[in-house]
Amino acid sequence: MMNPETSMPIGLGTLEMPSAGMLSAAHRPHERALQFPPMSNTEDRHKRWRLTSQYMEHDGVPAVPVSGEMHFSRLPRSRWEERLRVMKAGGITVVACYIFWIHHEPVEGEARFDGNLDVAAFVRLCADVGLDLVLRLGPWCHGEARNGGFPDWVQAAPVAHRTNDPAYLAMVERWFTRIGKELHGLTGPDSNVIGIQLENELYDQPRHITELKKLARAAGLGAPVWTATAWGAADIPEVDVMPVFGGYGDGFWVDADALWDPTFREHYFFSHEWDDPGIGADLREHFSGSGAAPARSQSTLYPPATCELTGGMATAYQRRPWPGGKDVAAVANTKIGSGSAWQGYYMFTGGINPPGGMQESQATGYPNDLPVFDYDFHAPIGAAGRLAPSFAELRKQHAFLAAFGARLAPMPSTLPDTLPASIDDAATLRWAMRSDGGSGFLFVTWHQPHIPLPDYPGAQFRLLLDGETLIFPRGGLTIPAGTIARWPVNLDVAGVRLRWATASAFTLLDPDGAPTLVLAAEEGIVPQLCVPEGTVLEGPATALGEGVYAADSGDPVTLTASSDAGSLAILVLPSRLAGQAWALETPRGRQLVLSAGPLWVGADGRLAGRSQGEPAVRRYSTADGGFEVVRTGTLKPEIFRRTLPAERIRAAKSVPASFGSLAVLSRLVDDTGIDLTQ
């Protein structure tokens, strides 16, 4: 996509204003015919999930899994269920978790699986909540844990670690056997364990990964999908494991005085290259800091899948990135538009390290010092359960994948005719299309952190589909900086075709066989909808001619589109409410609910949530096309008080003048819109 010679420098000067012009792309089908690899088809078959070379299938239907990392051993067991239910409400369908050896067996021969170390209870709870699971076995995990997750006695053992040294394999075999004993009967063709990752960031030991898989199988562990991280040009045995990739918009592992590294910046551009030479680069001697490692080509056996898209970023003492909500969402949206068949985030739920200095640190041989206890990771769900701005931004994308994943998953990604010249290009709009040749979705990501983009004026798209050329929107439009969009193209629902819209596809509601298409407006963009000749659109919309209508309102707008083949309600949410919208799967079907606070569906099927004050919750009624107030009852938490002795260690000093100054305040203004400097 980019010329590496021009993408190396980081320009921080004046941005060139973009010029108007037609933005063109011609649908390109998959280069290879659909195949069914042995994994999950002839080997390790599962009752619900299977792989193809282009997408995943769930119950025989194409789907896009959305996985989020949560470490059960970094959270109190009493918090597991709420975190899992909030994750599910946010659109997560698969939980990924490391099993840190050092957390379970710090003393040789004394492995513990009680309390918040009870992996079997965690697997069962995920199943009860309705979530599938990927177990990241390691035995070397990294995850910012001491020794990468090896207990000290393993780290100190006179063996060749992470190789097929028989003495090392004997240690791993005992550990895998112990995990297998805990998970007896919880993996297999009808379980919710649908994936197992072996090792992590291992670049040159393919035979070792094969041996680890044999050991895991012998321990009674199994799943339809076996994976290994493939970034950094990793040499992995694709017959045994599916390569999975990642993408972070910033990272703690680069030098403290380094500018925004190209390996981070490239994730804000649509591309069909999935390798990332930057992840884990602080532990690879050959890394130069500027993406010098050769890229790994995408597999022909499997679709592009991710396991570590930025859900946030850890804070180190030498470098402290703080990703904003759109910084996270922009990477995710770009990966979907680039053809992602599996969206996987690290982390999605933060936590706290167990006591005992379990964190990565320079004292234990790592280049970075991480906080002793904190592993909040600025994740969408923080260590204390607080929702970060990224949660609402990602929730919109996940609702889209849940409703339209069956259509989207088989669609190849097509890049536009004109691509950005380099990572410094702020003039060329960043967009892509996924299409089956007749219909599809147009993805726009016009946001990046650190170096702001200007508004893009006069955007008009020309899409060459099979036998048809679509040009839209009418007269062009300005795409504001910060736009992250998924616009439908020739979307057919209930016999009604929406030729295009300049509002993101959000979800589909179909409680009584009368579907409602929900669109979410982008901030600063008037939603335009185009329907074919012969389709009647009724409701509070302004006709612009040739089947084009503008739904310009600060409030939700419900329209009705009718054709000879059927009728469809279209709800357009204004941008100010899109961040409060939840598409929740309930016993009564999918429901659209507005709430600024956390919501989830409880074990009894009723809505539950948290609120600092009196909650304001509204639910959309497809019967009358409006939102109704949800009656709520509140449970006040019991207040515990305990007297603690306090001993003065030293006299207090004055607060440094720089504490909490401009850098922090400017970020708070960005995230909240409140000027705290006044």
Inset, instruction - First locate atom CG of Leu51, then atom CH2 of Trp342, and finally report the distance between them rounded to the nearest 0.5 Å. - result: 8.0 Å
Legend entry - pair Ser73-Phe122: side-chain heavy atoms closer than 4.5 Å: no
Inset, instruction - Any chance you could measure Thr229, atom OG1, to Glu199, atom CD, to the nearest 0.5 Å? - result: 8.0 Å
Inset, instruction - Decide yes or no on side-chain hydrogen bond (donor to acceptor under 3.5 Å, both in side chains) for Gln318 and Asp369, but give the supporting numbers first. - result: CA-CA 7 Å; Gln318 86 283 2; Asp369 278 322; over 6 Å; no
Legend entry - Test: Asp436 and Arg407 ion pair at under 4.0 Å: no
Legend entry - Ring geometry between Phe150 and Tyr168 (parallel below 30°, tilted from 30 to 60°, perpendicular above 60°): perpendicular
Inset, instruction - Please answer whether the main-chain N or O of Ala167 pairs with a side-chain N or O of Asp165 as donor and acceptor at a distance below 3.5 Å. - result: yes
Inset, instruction - Taking the side chain as every heavy atom from C-beta outward, state whether Leu75 and Met70 have any pair of such atoms under 4.5 Å apart. - result: yes
Legend entry - Polar side-chain atom of Gln298 near backbone of Tyr302 as donor-acceptor pair, under 3.5 Å: yes
Inset, instruction - Please confirm whether the backbone N or O of Phe36 pairs with a side-chain atom of Arg50, one donor and one acceptor, at under 3.5 Å? - result: no
Legend entry - Ionic contact status for Arg136 with Glu308, cut-off 4.0 Å: yes
Inset, instruction - Output yes when Arg217 and Asp44 qualify as a salt bridge under the 4.0 Å nitrogen-oxygen rule, no when they do not. - result: yes
Legend entry - Glu105 vs Arg178 side-chain heavy atoms within contact, under 4.5 Å: no
Inset, instruction - Quick one: pull up CG in Leu419 and CZ in Phe270 and give me the separation to the nearest 0.5 Å. - result: 11.5 Å
Inset, instruction - Measure the CE-CE distance between Met56 and Met242 for me, rounded to the nearest 0.5 Å. - result: 6.5 Å
Legend entry - Separation between CH2 of Trp101 and CE of Met171, rounded to the nearest 0.5 Å: 5.5 Å
Legend entry - N/O donor-acceptor pair under 3.5 Å between Thr334 side chain and Ala330 backbone: yes
Legend entry - Pairwise distance OG(Ser413) to NZ(Lys335) - rounded to 0.5 angstrom: 11.0 Å
Inset, instruction - Give a yes or no on whether the backbone of Ala258 and the side-chain of Arg319 come within a donor-acceptor separation of less than 3.5 Å. - result: yes
Legend entry - Passing candidate, side chain to side chain contact (heavy atoms under 4.5 Å, CB included) with Trp231, options Pro243, Cys307, Pro277: Cys307
Inset, instruction - Please examine the side chains of Leu212 and Pro139, heavy atoms only from C-beta on, and report whether any two atoms are closer than 4.5 Å. - result: yes
Inset, instruction - Step through the shown structure and confirm whether more than 12 heavy atoms of other residues, nucleotides or ligands are within 6.0 Å of CZ on Arg48. - result: yes
Legend entry - Trp260 side chain to Gly249 backbone, donor-acceptor under 3.5 Å: yes
Legend entry - Sub-6.0 Å ring centroid separation between His142 and Tyr346: no
Inset, instruction - Identify whether the distance between the nearest side-chain nitrogen and carboxylate oxygen of Glu211 and Arg207 falls below 4.0 Å. - result: no
Inset, instruction - Flag the pair Trp175 / Ile99 as yes when at least one side-chain heavy-atom distance between them is below 4.5 Å, and no otherwise. - result: yes
Inset, instruction - Look at the rings of Phe443 and Phe400 and say which category their plane angle falls in: under 30° parallel, 30 to 60° tilted, over 60° perpendicular. - result: perpendicular
Inset, instruction - Fit a plane to each ring of Trp253 and Tyr248, take the angle between them on a 0 to 90° scale, and name the class: parallel (under 30°), tilted (30 to 60°) or perpendicular (over 60°). - result: perpendicular
Inset, instruction - Look at the side chain of Tyr98 and the backbone N and O of Cys141, then say whether any donor-acceptor pair between them is shorter than 3.5 Å. - result: yes
Inset, instruction - Assign the ring pair Phe377 / Tyr375 to parallel, tilted or perpendicular, where the plane angle (0 to 90°) is split at 30° and 60°. - result: tilted
Legend entry - Asn147 side-chain N/O to Gly149 backbone N/O, donor-acceptor pair under 3.5 Å: no
Legend entry - Sidechain-backbone polar pair: Thr315 side chain, Arg320 backbone, donor-acceptor under 3.5 Å: no
Inset, instruction - Decide yes or no for Ile381 and Phe348: does some side-chain heavy atom of the first lie under 4.5 Å from some side-chain heavy atom of the second? - result: yes
Legend entry - Lys NZ or Arg CZ of Arg430 over Phe269 ring: under 6.0 Å, within 45°: yes
Legend entry - Side-chain donor or acceptor of Thr93 paired with backbone N/O of Pro65 under 3.5 Å: no
Legend entry - Any side-chain heavy-atom pair of Ser53 and Leu301 under 4.5 Å: no
Legend entry - Side-chain heavy-atom pair Leu169, Asn164 within 4.5 angstrom cut-off: yes
